[in-house]
Amino acid sequence: MTTETQLATTPEVGGMGHSVKRKEDPRFIRGAGKYIDDLVLPGMLWMDIVRSPYAHATIKGIDTSAALKVPGVLAVIVGADLEKAGLHWMPTLAGDKQMVLPTRTVMYQAQEVAAVVATSRYAAADGVAAVEVDYAPLPVVVDPMKALEKDAPILRPDRAADKQTNRIWHWESGDRAAADAALKDAEVTVSEDIYIPRIHVASIETCGCIADWDAVRGQMTLHMTSQAPHAIRTVLALVSGLPEQNIRVKTYDIGGGFGGKVPVYPGYVLAVVASLTVGKPVKWIEDRSENLQADSFARDYHIHAELGATKAGKITGLKVRTIADHGYSDAAADPTKFPAGLFNVITGSYDFDSAFVEVDGVYTNKPPGGVAYRCSFRVTEAVHAIERMVDILAHEIGKDPAQLRLDNFIQPGQFPYKSPTGWEYDSGNYPAALKMAMELIDYAGLRKEQLEKRARGELMGIGISSFTEIVGAGPSHEFDILGLKMFDSCEIRVHPTGKVLARIGVQTQGQGHETTFAQIIAEELGFPVGDIKIEYGDTDTAPYGLGTYASRSTPVAGAATAIAARKIRDKARKLAAHLLEANEDDLEWTNGKFSVKGSPDRFKTIQEIAFAAYTNHPQGMEAGLEAVDYYDPPNLTFPFGSYIAVVDIDKGTGQVKVRRFVAVDDCGNIINPMIVDGQIHGGLTMGLAPSLYEEITYDENGNNLAGTFMDYLLPTAVETPAWEVAKTTTPSPHHPLGAKGVGESATVGSPPAIANAVVDALWHLGVRNIDIPISPHKVWKILHDKGIS
Ligand code: CDP
């Protein structure tokens, strides 16, 4: 079900709103995609990494002599080698620093300790096995709460804010006094501890690169899997001292990024150092366990939330305290001014005046990170917390959770809406989305069924999540990463024969940008989508941009593409006026052509105009038809949706089965409905994953207990329900196309719907909260303790 949209272009042109088949798919379904590990360069060497078995230890010595004797091994790089060049530490995107290789201490299990360069992948692995490292284990800090205790070992004496604790930073937003007063005066308050577990991006393709140093030309080419190639180039220039024009970062097809391919990992830097050292291309591809154990994590938020309301269920205030476990270094990819990301969007879809949020970042002996895993900088955590709290409130006061939401929603007439933590929501119609979801799933019928089943002792739950997302980072007055402002870009060149090449500053990792960005140009200029080629991911050719993560492509680069196309249309108008010997003001633009007002048969098509731009342009006008735009968004976009999950719980095993899931999304005007549905299907599955399966845990010695796919569970097609999706359309008032981002809405919005459904099934047994992932064991234990299972 989709709200009817008027299409301005024909299916042949394929502008906005057409479900154009993905231009990139023929190469993928024929096995002709090109990924980093497909690339083999002449003379290329391989690199493999020695990793620490300890979570915290002093390195007493590293003996590389046996490794150097392994046939094919050419070099072993250790921390002391890097220290000489000042390269043993590197900056993180969050302004902290992270070891490339340790010189004295390892800080988490699987940390890089040495790199072996060899003539084959196998020789490199044999070399790794032959490196002997003498470790002296140190006390391990696993629990972030314990990390804040007085006697905890200080993990980063160089960084700890007051040198006495492992606190990295304290961040707060909103009005503490107002929130305190609202909670004090509230007729009802509910409070809960909610843990959003540490999870990991498990994209099909792991990370990797080939560093190729050409000493003669002084050129470094870094072929890699990066969601943000330009940022990588600049960071590499600043860290290595190589001139930026001599650094080229090139990406290929990327098998999933989801935030995990934004950071700079030590492996990349080591490959660069190795190539500089041996003067040959060096390839590094991490394996699955390295990816799960050492790359940047996501989430790991310990939240305590308090919600105040009237007895009738009108929300009056919210207070949230959070401990954020960042591992041994803060390597989050958050914008600089937002150490806890956009977590303060936690007031969600609800209209109330008083809110206060505080977050403390903490060091522990775990891998660094805090990536925005298919999420706009901690919004998943925020949405989970508020949607769980609203549900708890509803159950506590005995009000239907749907009605409680409808009674508290920001109403359509209140937009632009200023939230109590300072965001200005651009547009929304929350009641419409929830009502549509309720109708599609037959909410009233389900509640009846639930009562009947409960009477029979069966466990069935219905869970709602009415989320507000915040995407499109971001306006340059507030948003930067390491000082780089978060604009994005598009450059369009129209060739004489009316074919188009456009290059964008963002980087697709499966989202279908080659199709949707062509559709934006088709919409604006009338060239058929098949005549438009989209390129990205080569810093020598693409205009500078901050890359793709946090659903920013459409809100930022999509806008840049529309504006660049409009600049071309402005010039096309001048050319048409010249060709038609008419005044510019007397021309009108429809369906890819300029015609003279009142004389529709006097027109020039965009293709004719393109040819004239090179063959018959007026004297004094520059030849050519091209434009570039760097777009600085005036605000973020605020997509939203209402999701309803229905679960059945097996009393014998505790197994939760998601029987139905209806997702109503609103991402403003849609460029490609089929791609948007694909994004939502994938996003919902990535929301199901942490709800029921995914979690990285550690034992008390800091051993990672989920470092393989045997232990880190992902849902397969068998566990994934048939998603039922629908849309409402509330355009963004400030985006040139009225579009909002959508890529991560479903991942952000779905976990609380599932968690709420499970708690809804068990509330009558006295269950208030179950932290995700809701494993059969957790549920079985509850049922067993209550004598039900
Ligand atoms: O930054 P990322 O590409 O991951 O996220 P996005 O901007 O939300 O876009 C994901 C995909 O959905 C892209 O191919 C977009 O062009 C497409 N999309 C769309 O067709 N219409 C929208 N309103 C938003 C996104």
Side-chain angles (χ1 to χ4, degrees), residues 2-3 5 7 14-25 201 203 227-228 254 256-262 333 372-377 379 426-427 469-474 486 488 490 502 504-523 529 534 536-537 545-562 631 633 636-641 665-683 686 725 727-732 735-749:
T2 306
T3 315
T5 347
L7 302 184
M16 297 256 307
H18 290 283
S19 284
V20 175
K21 282 193 180 164
R22 296 196 342 157
K23 287 159 87 97
E24 39 275 89
D25 281 350
V201 171
S203 46
Q227 295 175 234
I254 293 186
F258 310 114
K261 288 173 182 161
V262 174
Y373 175 177
R374 206 164 181 177
C375 154
S376 189
F377 316 117
V379 179
D426 58 350
S427 62
E469 254 270 58
I470 170 169
V471 303
M486 297 188 77
D488 228 291
C490 175
I504 49 180
V506 286
Q507 164 71 48
T508 190
Q509 316 122 45
Q511 295 93 331
H513 290 176
E514 287 168 44
T515 311
T516 47
F517 281 79
Q519 286 185 260
I520 295 173
I521 296 170
E523 174 80 11
V529 78
I534 303 292
Y536 48 85
L546 267 280
T548 293
Y549 39 87
S551 287
R552 64 186 297 279
S553 300
T554 304
V556 195
T561 306
Y631 186 77
L636 295 129
T637 67
F638 294 75
F640 60 93
D665 269 279
D666 193 319
C667 57
N669 291 334
I670 290 179
I671 302 160
N672 184 320
M674 183 178 63
I675 286 184
V676 166
D677 279 353
Q679 292 287 303
I680 291 168
H681 280 226
M686 281 184 131
V725 299
K727 311 280 175 307
T728 57
T729 305
T730 313
S732 167
H735 187 277
L737 301 167
K740 304 179 178 185
V742 76
E744 60 210 20
S745 286
T747 312
V748 166

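Order of listing sets the numbers, starting from 1, for every ligand and every atom in it. In this chain, numbering begins with 1 at the start of the sequence shown.
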Test applied, side chain to side chain contact (heavy atoms under 4.5 Å, CB included); reference residue, Pro639; option that passes from Thr730, Asp666, Ile470, Val471
Val471
Determine whether the side chain, the backbone, both or neither of Lys740 has a heavy atom under 4.0 Å from any heavy atom of ligand 1.
backbone
Would you say that Met486 contacts Val556 through its side chain, given a criterion of any heavy-atom pair below 4.5 Å between the two side chains?
no
If we ignore angles and hydrogens, is there a donor and acceptor under 3.5 Å between the side chains of Tyr549 and Gln507?
no
Looking at ligand 1, is there an atom of it that comes within less than 4.0 Å of some heavy atom belonging to Cys667?
yes
Which residue supplies the protein heavy atom nearest to atom 5 (O) of ligand 1, what is that atom called, and how far is it?
Ser551 CA, 3.5 Å
Just going by heavy-atom distances, which of Asn669, Thr554, Val556, Leu737 is nearest to atom 23 (N) of ligand 1?
Asn669
Stepwise side chain to side chain contact (heavy atoms under 4.5 Å, CB included) test for Ser203 and Lys261:
CA-CA 10 Å; Ser203 46; Lys261 288 173 182 161; 3.8 Å; yes
Is the shortest heavy-atom distance from the side chain of Gln227 to the side chain of Gln509 under 4.5 Å?
yes
Starting from atom 1 (O) of ligand 1, which protein heavy atom do you reach first, and at what distance in Å?
Ser553 OG, 2.7 Å
If the cut-off is 4.0 Å to any non-hydrogen atom of Pro555, which atoms of ligand 1 fall inside it?
7 (O)
So, is Ala739 polar-close to ligand 1, with some N/O to N/O distance under 3.5 Å?
no
Any idea which of Thr516, Val471, Val20 brings a heavy atom closest to atom 17 (C) of ligand 1?
Thr516
Just heavy atoms, cut-off under 4.0 Å: does Val676 contact ligand 1 by side chain, backbone, both, or neither?
side chain
Using the rule side chain to side chain donor-acceptor pair (under 3.5 Å), only one of Lys23, Glu24, His18 pairs with Thr515; which is it?
Glu24
Show your reasoning for whether side chain to side chain contact (heavy atoms under 4.5 Å, CB included) applies to Val506 and Phe517.
CA-CA 10 Å; Val506 286; Phe517 281 79; 4.0 Å; yes
Side chain, backbone, both or neither: which applies to Pro673 and ligand 1 if a contact is any heavy-atom pair less than 4.0 Å apart?
neither
At under 4.0 Å between heavy atoms, which part of Ile675 makes contact with ligand 1: side chain, backbone, both or neither?
side chain
Quick one: does ligand 1 sit under 4.0 Å from the side chain of Val742, the backbone, both or neither, non-hydrogen atoms only?
both
Looking only at side chains, do Ser732 and Asp426 share a donor and an acceptor under 3.5 Å apart?
yes
Please test His513 against Ser553 for side chain to side chain contact (heavy atoms under 4.5 Å, CB included), starting from the C-alpha separation and ending with a verdict.
CA-CA 9 Å; His513 290 176; Ser553 300; 3.2 Å; yes
What's the shortest distance from atom 10 (C) of ligand 1 to any protein heavy atom, and which residue and atom give it?
Gln679 OE1, 3.6 Å
Trace of the side-chain hydrogen bond (donor to acceptor under 3.5 Å, both in side chains) decision for Lys740 with Ser745:
CA-CA 10 Å; Lys740 304 179 178 185; Ser745 286; over 6 Å; no
Which of the numbered atoms in ligand 1 are under 4.0 angstrom from any heavy atom belonging to Ile670?
21 (N), 23 (N)
To which of Met16, Glu744, Gln511, Arg552 does the heavy atom nearest atom 13 (C) of ligand 1 belong?
Gln511
In terms of atom number and element, which parts of ligand 1 are under 4.0 angstrom from non-hydrogen atoms of Thr548?
1 (O), 2 (P), 3 (O), 4 (O)
Would you call Thr554 and Thr516 a side-chain contact if the rule is heavy atoms closer than 4.5 Å?
no
Test log, rule side chain to side chain contact (heavy atoms under 4.5 Å, CB included), inputs Phe258 and Met686
CA-CA 10 Å; Phe258 310 114; Met686 281 184 131; 3.6 Å; yes
Identify the protein heavy atom lying closest to atom 20 (O) of ligand 1, giving its residue, its atom name and the separation to 0.1 Å.
Asn672 N, 2.9 Å
Numbering as shown, the atoms of ligand 1 that approach Gly741 to under 4.0 Å (heavy-atom distance)
8 (O)
Closest to atom 21 (N) of ligand 1 among protein heavy atoms sits Ile671 N, 3.0 Å
Which of the numbered atoms in ligand 1 are under 4.0 angstrom from any heavy atom belonging to His513?
3 (O), 13 (C), 14 (O)
